[in-house]
Amino acid sequence: MSTRSRVKKPLLIVITGPTASGKSALAVEVARRLDTEIISSDSRQIYHGIPIVTATPTTEEMGGVRHHLIDVLPLDAYYSASEFEQDALCISNGLFESRGVAVVCGGSMMYVDALCNGIDDIPTVPEGIRKSLMDEWKDRGDEWLLTRLQCLDPVHYERVDKKNMKRVFHAVEISVTANKPYSSLTTGMKKERDFDILKICLEGDRGKLFERINSRVMHMMDAGLEEEARTVYPMRRLNSLNTVGLKEMFAWFDGILTRDEAIARIQKNTRVYAKKQLTWYKRDSDMARLDFNEGIKNADKILDMIRTVIR
């Protein structure tokens, strides 16, 4: 039933957690019981053509609940946390008007943070600047890009993860576009939202989580991950394809890994990513924690939680 007339303020329910923790199924159950829709906060599910590696919910798994920001962009499209913030706010405002509540589901940490806390006003990078820098990066390599950032913004250079070249590139392109250091544009100030936020993090025994991750990878292989990867292999340089599951498949196709080694590497790298997600979520004291082993039974606990914002 609709909660529109019963909430003090519009309510955003965020269901997040590490990969393979059952976020999607739980979000569908919560959205169904609240008669609302789901906004995906997954930075890869937004792209068209890679549903297996991104574990995009199938029509059956969506359970009749409408999902937003899934399978809508071509692989060569640029998309950022800032753009997600604006898109998700627009969609959620529409749902607040009609339903009073919206459900967000996904494990992309920066997307969740951008929607809940806001993100600094960063200039939009013209396509010409992005392409020019991207071409030069491809020609000159990572060391050139790191040196460029060091010259443009020595402050950010000292604190950026120098193994995450996507973030290095982003800082460079923003510095060039703004004609000022990227660090001077990032205030870290939390924005006020005119809606309540209930954040749920699914967590639990890591051994069981890792077993689920390993099983999911094998299920992806059975579902056709190899064929999906071969289809997009000619476009492997695109940022949208720089993701766990595809990088290892590409290494197999290039003769760097065997098939079995690629599968084992996907499992390992997915477990590493899950650890990073859990570390990120641990910093957020506003998140309620639920055991992922409870599955969709957690929907009852979430409905109990939202009674604090219902008259």
Side-chain angles (χ1 to χ4, degrees), residues 15-28 38 40-63 67 69-77 79 105-109 111 163-164 166 202-278 292-293 295-296:
I15 298 176
T16 190
T19 186
S21 58
K23 300 182 293 293
S24 296
L26 179 58
V28 165
I38 293 173
S40 170
S41 58
D42 188 293
S43 65
R44 289 298 181 263
Q45 289 182 359
I46 196 168
Y47 291 103
H48 174 72
I50 47 174
I52 297 174
V53 75
T54 60
T56 298
T58 63
T59 300
E60 182 180 358
E61 290 168 339
M62 290 181 185
H67 286 57
L69 301 182
I70 280 182
D71 193 30
V72 295
L73 290 180
L75 292 171
D76 60 353
Y79 200 69
C105 175
S108 295
M109 290 101 47
Y111 279 26
K163 293 182 180 180
N164 190 331
K166 177 182 175 182
L202 299 179
E203 54 184 30
D205 181 78
R206 288 200 178 190
K208 291 181 179 178
L209 177 65
F210 292 165
E211 288 177 6
R212 291 171 68 148
I213 288 172
N214 293 342
S215 295
R216 171 181 276 193
V217 172
M218 297 311 299
H219 174 73
M220 286 178 173
M221 292 301 297
D222 291 340
L225 176 57
E226 178 187 343
E227 291 78 7
E228 180 174 283
R230 288 193 184 279
T231 298
V232 299
Y233 178 69
M235 301 175 282
R236 60 191 179 279
R237 303 300 180 191
L238 294 177
N239 182 63
S240 61
L241 303 179
N242 182 26
T243 187
V244 174
L246 290 179
K247 292 187 294 184
E248 297 83 0
M249 286 285 103
F250 297 159
W252 169 32
F253 303 158
D254 288 337
I256 299 171
L257 300 175
T258 66
R259 180 181 186 276
D260 289 344
E261 288 171 341
I263 294 172
R265 190 73 59 84
I266 294 172
Q267 292 171 325
K268 177 183 177 181
N269 290 342
T270 305
R271 295 193 301 268
V272 169
Y273 179 61
K275 290 178 184 178
K276 290 181 179 179
Q277 289 175 302
L278 288 167
F292 66 79
N293 285 296
I296 63 173

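For clarity, every value in this text was computed on a predicted model and none was experimentally measured. All values below were derived from every heavy atom in this structure, side-chain atoms included, with hydrogens, water molecules and symmetry-related copies excluded.
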request  = Let me see the working for Phe253 and Glu226 under side-chain contact (heavy atoms from CB on, under 4.5 Å), right down to the final yes or no.
outcome  = CA-CA 10 Å; Phe253 303 158; Glu226 178 187 343; 4.2 Å; yes

Checklist entry - Is Glu61 close to Val28 at the side-chain level, that is, under 4.5 Å between some pair of heavy atoms? => result no

Shortest non-hydrogen pair, Asn214 vs Arg271, comes out as OD1-NH1, 2.9 Å

Please check if the side chain of Tyr47 supplies one atom and the backbone of Ala77 the other of a donor-acceptor pair under 3.5 Å. yes

When rounded to the nearest 0.5 Å, the distance separating NZ of Lys275 from CG of Leu209 is 10.5 Å

query = Is there a donor-acceptor pair under 3.5 Å between the side chain of Lys23 and the backbone N or O of Cys105?
reply = no

Do Arg236 and Tyr233 meet the cation-pi criteria used here (NZ or CZ under 6.0 Å from the six-membered ring centre, within 45° of the axis)?
yes

Note: Tyr273 and Gly107 closest approach over all heavy atoms is OH-O, 3.6 Å

Decide yes or no on side-chain contact (heavy atoms from CB on, under 4.5 Å) for Met218 and Gln267, but give the supporting numbers first. CA-CA 9 Å; Met218 297 311 299; Gln267 292 171 325; 3.8 Å; yes

With a sphere of 6.0 Å drawn around CZ of Arg265, does it hold more than 12 non-hydrogen atoms of other residues, nucleotides or ligands? no

Paired with Ile213, the side chain to side chain contact (heavy atoms under 4.5 Å, CB included) test is passed by just one of Thr270, Asn269, Ile266, namely Thr270

Heavy-atom nearest pair, Phe292 first then Asp205, reads CZ-O, 3.6 Å

*asked:* Test side-chain contact (heavy atoms from CB on, under 4.5 Å) on Phe250 and Val232; report intermediate values, then the result.
replied: CA-CA 10 Å; Phe250 297 159; Val232 299; 4.0 Å; yes

- Item | Over 12 foreign heavy atoms within 6.0 Å of CD, Glu227 | yes

| request: Without swapping roles, check the side chain of Gln45 against the backbone of Ala55 for a donor-acceptor pair under 3.5 Å. | output: yes

If you count heavy atoms of other groups shown closer than 6.0 angstrom to CG of Leu257, is the number above 12? yes

Practice item. Check the pair Asp76 / Met235 against side-chain contact (heavy atoms from CB on, under 4.5 Å), numbers first and verdict last. Key: CA-CA 9 Å; Asp76 60 353; Met235 301 175 282; over 6 Å; no

In this structure, OG1 of Thr54 is separated from NE2 of His48 (nearest 0.5 Å) by 11.5 Å

dist Thr56:OG1 -> His67:NE2 (nearest 0.5 Å) comes out at 10.0 Å

* Asked: Within a reach of under 6.0 Å around NZ of Lys247, are more than 12 heavy atoms found that belong to other residues, nucleotides or ligands?
  -> yes

For Pro57 and Ser24, the nearest pair of non-hydrogen atoms, with its separation, is CG-OG, 4.1 Å

Note to self: Under a 3.5 Å distance rule, please check whether Ser40 uses its side chain to pair with a backbone N or O of Ile70 as donor and acceptor.
What the structure shows: no

d(Leu225 CG, Met220 CE) to nearest 0.5 Å is 7.0 Å

Shortest non-hydrogen pair, Ser240 vs Thr243, comes out as O-CG2, 4.3 Å

Rounded to the nearest 0.5 angstrom, the CG-CG distance for Asp71 and Leu69 is 11.5 Å

So CE of Met249 and CD of Glu228: to nearest 0.5 Å the spacing works out to 11.0 Å

In short, Thr258 meets Glu261 closest at the heavy-atom pair N-OE1, 2.9 Å

